[in-house]
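Notes follow once the structure below has been shown.
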Amino acid sequence: MQTIAGKRWTRRQVLRSGVSIAALSQTRLIAPAFGSSRTVVNAYVGVSGGPQDRIHVFSTSQETWTETQQIHTKAPACLVVSACLKNLYVANDVTEVENLRRGSVESFRIDSRYGRLEFQSVQPLSLAATHPRSIAISPDGRLLAVASHTGGIYNLLPIAEDGALKRPVHIFKSTGSGVHAQLQGSAHPHTLLFHKNSGYLLSSDFGGDHLNTFGMRGDRLERNAQHAMAPATGPGSFVLHPNGRDLFVWNELAGSLTVHRFDGATGSIGPHAQWITMGTPELDKKLTGSICVHPSGKTLYSACQTEDALTVWNIEIETGRLIGRSLLALPDIRPIQIVAAPEGTSVFVVDSRRGSIVQVRTHASTGIPFSCRQVAAIGGAKYLVLRAV
Amino acid sequence: MMIKVTVADPRYDTLKSSRNLRLPPDPADFAAEIDLCESAAGVADALQRIVRAGVRPTIRSGGHCYEDFVVNNPGGTILDLSLLTADAMPGDKGRYRISPGRQLGEVYLSLYRRYGRCIPAGSCYAVGAGGHISGGGYGVLSRLHGLTVDWLSAVEILTVDGKGDVVLRHVDQHHESDLFRACRGAGGGNFGVMTGFLFEQLPDAPHEVISGQLSFDWKTMTPEKFMAIVLAYGDYFDKRGREPDTWGLFTILELTHADSGQFGIGIQFCNPNGRCEDLRVLSEFVKRFEVFGLAPILQDQHRPDTPAALRSSSKSADVSDLEQRFNFQRRLWLDATIAGSGSGGSGRAKYKSAYMKRNFSRQEAQCLYKYLTRLPAGVNLRGAVVSVDSYGGAVNKDGMATVTSICQRSSILKVQFQHYWHSSEEDAGRLQWMRDFYTELYSVHVDQEHAGTPYPGERYEGCYINYPDSDMLAHNFWPTLYYGQGELYPFLQGVKRRYDPNNIFHHAMSVRA
């Protein structure tokens with residue numbers, strides 16, 4: 001349900017209150033250029049579940065994706081490209097490394113010309129930091145933060161000059177539990193994100209029903225604030241608006257999308273200013289979803305793994321609230337991730353069913369989609385990251 | 001009251017380590033802080049503060065952990081319970097209390113002087129009660145009186161609930177009995193911080209014992225004679241030693257490396273009534289070995305960790321010329337002061353273990369001889385010993401496996417591989433010899449899938465959790481080695497999920513929920 005002036009609305013009601021629903025056709029329109037001068041040149045797709053886990057490397061252009069390389073990795077759950085574009089980091093969603101209970105993160109060098117990868121190193125995490133599923137690079141590029149989902153542990157790994165990762169320099173063990181005995185028995189950090197301007201590290205904790213902010217004191221994390229979500233919310237993926245103020249959270253147990261205010265000065269996260277019910281999870285199951293903000297800051301995209309559609313929201317700039325815009329049908333697609341290209345002309349949807357990567361062309365200045373097509377199909381695709389120069 | 005020792009404190013260098021100076025392998029893994037607590041309330045406060053700060057706690061009582069479960073805690077805090085030594089607290093209701101910080105030697109003195117009682121616990125007197133009892137505990141009176149945990153009636157333990165709040169629990173057979181059972185031998189550092197062990201009853205202390213040593217000279221030893229000694233020893237406990245009139249006899253066959261000059265059998269005996277009026281059992285045992293020709297005992301040769309043995313075995317590049325020329329040994333003050341306490345001082349060490357349900361076979365005895373006389377090039381093996389402890393007796397009392405977390409209740413011998421040295425340069429060679437030895441010995445009668453381990457079956461009952469061996473982590477069935485093939489490990493996993501849902505207490509070999 002969405003709360004507007006004290007009243008909770010379902011997504012359907014919100015959509016009806018806005019512009020009429022339109023399923024877009026495959027008609028292509030010429031999109032005016034957006035302000036960003038960066039262009040996506042490579043895409044890296046982490047694949048697992050098959051005979052061998054790997055990363056597929058693509059050279060991209062407006063028209064085609066061309067696969068240029070496949071390289072071995074281990075259980076890729078999250079991929080990030082360093083700000084200098086020279087390294088790719090992969091969270092290995094495993095429980096054991098060298099006979100000890102922990103996960104690991106791999107680093108790869110990126111060839112500057114073709115974007116090809118070369119394995120650099122694998123860094124084990126601290127003991128009990130199992131199933132790392134989210135990683136984020138600090139704004140100054142010095143540290144890699146890792147969230148271990150089942151271990152409930154955060155690691156900070158220094159990044160060397162050549163981009164290689166060093167052993168954890170700080171370990172934070174979180175605690176917490178939620179109402180759902182089976183799914184929320186302990187802390188389960190889900191998503192990590194650094195706030196670019198303030199340097200705060202934000203995290204969602206599915207198990208503890210928290211949103212956290214951590215301050216950085218040297219090479220240490222200190223929990224700055226913890227915002228308790230409503231019981232059995234199960235916060236999962238979240239994104240920050242480019243303004244750094246509005247925080248959008250997908251809640252996996254509640255099946256909802258919530259909007260919060262983040263204070264970059266104090267690092268505090270406010271209660272939800274808006275709650276939109278997106279669906280009802282099955283008993284004892286999560287409703288996994290993904291969200292993404294268009295670089296213009298005017299549009300938010302959300303997708304639920306059980307629906308073959310992309311919901312496109314208009315963002316009220318002053319308040320950060322979401323107003324339903326349109327529903328883009330994506331037949332036979334089960335979205336697990338949405339990624340916006342920094343130049344604003346495309347949004348990519350990763351499909352969990354057959355591993356399709358769907359490119360949704362968008363107006364650069366608004367984020368409104370106008371066409372879509374499949375650019376790749378890789379069975380077992382789990383995570384996509386773009387490299388833009 | 002809590003004493004905080006951080007990196008800047010002069011005590012840090014000593015207190016960051018435990019007895020095994022080999023660990024942790026990487027100095028960057030030392031804990032950042034040691035909190036010495038003087039009361040259970042102090043422990044609770046410290047633990048709460050640690051958890052709230054997102055720091056990992058590890059727990060130490062005496063510091064004799066064989067692996068790095070306490071000291072390998074990068075950036076974390078060691079909760080040191082060595083000052084938790086109260087012998088009685090309000091609310092004990094007449095029960096005997098052993099606090100985790102008490103050393104075993106002090107426990108024996110206190111129980112004897114106050115009450116005339118004893119406890120079947122270990123013989124290394126500086127070992128802390130906390131780790132010893134939580135992992136089962138056994139010693140020279142165990143054949144007569146069972147394991148330490150067999151007598152345990154209640155435990156006070158601090159756990160951390162799902163929200164991160166510290167909870168003080170008093171557990172026994174009627175209150176949170178699942179956690180109580182887990183505290184009876186699953187090993188320390190798993191579920192919480194045990195701040196008190198309570199016993200409704202304890203056995204009377206023996207009035208007197210006869211102890212001594214039988215020694216055999218390596219110089220005149222032959223393979224056949226060696227094997228005959230080993231087999232005669234094992235045969236006694238496989239047959240005669242099962243009878244209750246022998247349970248006052250406890251022996252350790254200390255198989256030192258041939259370089260040491262002698263090996264021998266340490267003996268302690270009393271009749272089951274705690275007196276030494278009838279010595280027939282002892283005579284019978286000794287007679288078994290007289291036929292092999294007993295040697296006079298050489299001073300200090302049988303304890304591989306004595307200064308004399310180690311001085312002559314270790315030549316380290318980082319020892320000054322003066323120390324080398326005069327066999328001086330450089331030690332931290334505290335270590336040097338307590339070195340004579342019965343458990344030796346600190347050094348580098350490695351341990352392995354095995355429970356045996358039957359006597360050695362000829363092939364096993366051959367393997368023992370092979371490795372104890374092997375002289376690998378460039379490897380010094382002084383300080384290596386295979387201790388074959390007599391076992392069984394009251395340890396194997398019916399029903400104890402289901403009310404404690406020690407499932408190994410059919411064994412007649414308990415083998416402890418020990419290796420002591422001082423120089424880090426010797427690590428690789430000594431450790432490799434030990435691995436090769438153990439792997440070969442426990443491949444003789446073990447199926448291929450489990451080769452290299454004393455996997456539970458007809459001959460073995462796995463390993464002892466208080467003699468942990470991280471090499472066993474290479475086998476995905478390592479929990480079976482320590483907790484058996486039955487319901488115990490799944491039970492402990494359930495306890496773990498219930499009482500430590502956030503896995504606050506963990507180490508390399510902790511119970512994995």
Side-chain angles (χ1 to χ4, degrees), chain A residues 95-102 124-131 148 150-158 166-189 203 205 207-210 212 214-215 217-224 226 228 231, chain B residues 24-29 31-32 47-48 50-58 67-69 71-77 159-167 189-190 469-479 494 496-513:
Chain A
T95 58
E96 197 165 292
V97 178
E98 294 166 2
N99 299 327
L100 291 176
R101 196 90 168 152
R102 54 191 176 167
L125 300 176
S126 63
L127 191 64
T130 49
H131 288 303
S148 135
T150 54
I153 293 175
Y154 300 86
N155 277 195
L156 273 186
L157 282 62
K166 298 181 185 175
R167 54 169 287 156
V169 71
H170 188 234
I171 302 158
F172 188 98
K173 173 83 187 88
S174 63
T175 54
S177 62
V179 169
H180 198 297
Q182 190 185 344
L183 297 174
Q184 294 185 303
S186 63
H188 292 308
S203 81
D205 188 329
D209 270 338
H210 295 135
N212 300 291
F214 295 89
R217 185 188 277 196
D219 288 346
R220 293 177 60 86
L221 283 176
E222 281 190 357
R223 181 143 59 197
N224 179 73
Q226 190 174 68
Chain B
D26 187 341
D29 286 330
L47 180 59
Q48 188 68 84
I50 288 165
V51 168
R52 290 252 152 84
V55 172
R56 173 187 168 214
T58 49
E67 286 290 350
D68 64 355
F69 302 163
V71 294
N72 189 333
N73 186 3
T77 297
T159 61
V160 179
D161 70 14
K163 297 286 180 215
D165 293 330
V166 172
V167 179
N190 272 306
D469 174 12
S470 61
D471 290 346
M472 296 297 101
L473 287 168
H475 308 286
N476 59 8
F477 53 80
W478 71 265
K496 179 72 170 173
R497 281 190 291 271
R498 185 174 176 199
Y499 294 98
D500 185 23
N502 283 286
N503 197 28
I504 297 293
F505 304 99
H506 59 267
H507 52 71
M509 296 182 90
S510 57
V511 173
R512 297 175 179 182

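Labels below follow one simple rule: chain letters A, B, ... track the order of the sequence lines, proteins then strands, and each chain is numbered from 1.
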Those residues of residues 471-479 of chain B, ordered by number, that approach chain A below 4.5 Å (heavy atom to heavy atom):
L473(B), A474(B)
Taking the side chain as C-beta and beyond, is there a heavy-atom pair between D29(B) and R167(A) under 4.5 Å?
yes
Looking at chain B, which one of G152(A), P168(A), G185(A) has the largest number of heavy-atom pairs inside 4.5 Å, strictly under?
G185(A)
Relative to chain A, which segment of A53(B) carries a heavy atom at a distance below 4.5 Å: side chain, backbone, both, or neither?
backbone
Using heavy-atom distances under 4.5 Å, tell me whether R497(B) contacts chain A through its side chain, its backbone, both, or neither.
neither
Looking at every non-hydrogen atom in both residues, tell me the closest pair between [X] and [Y] and how far apart they are.
{"X": "N99(A)", "Y": "R512(B)", "value": "O-NH2, 4.0 Å"}
{"X": "A187(A)", "Y": "N502(B)", "value": "N-OD1, 2.9 Å"}
{"X": "P74(B)", "Y": "I171(A)", "value": "O-CD1, 3.6 Å"}

Would you say K173(A)'s side chain and P57(B)'s backbone share a donor-acceptor pair under 3.5 angstrom?
no
Can any side-chain N or O of K163(B) pair as donor or acceptor with the backbone N or O of S177(A) at less than 3.5 Å?
yes
Which residues satisfy the ring-ring contact (aromatic ring centres under 6.0 Å, His included) test with F69(B), sequence neighbours excluded?
H507(B)
side-chain contact (heavy atoms from CB on, under 4.5 Å) involving A128(A) - partner list, sequence neighbours excluded
I153(A), N503(B), H506(B)
Report the residues that fulfil salt bridge (Lys or Arg N to Asp or Glu O under 4.0 Å) with R223(A), sequence neighbours left out, ordered by chain and then residue number.
none
If you round to the nearest 0.5 Å, how far is OG of S174(A) from CD1 of I504(B)?
8.0 Å
Interface moiety of E222(A) toward chain B, non-hydrogen atoms closer than 4.5 Å:
neither
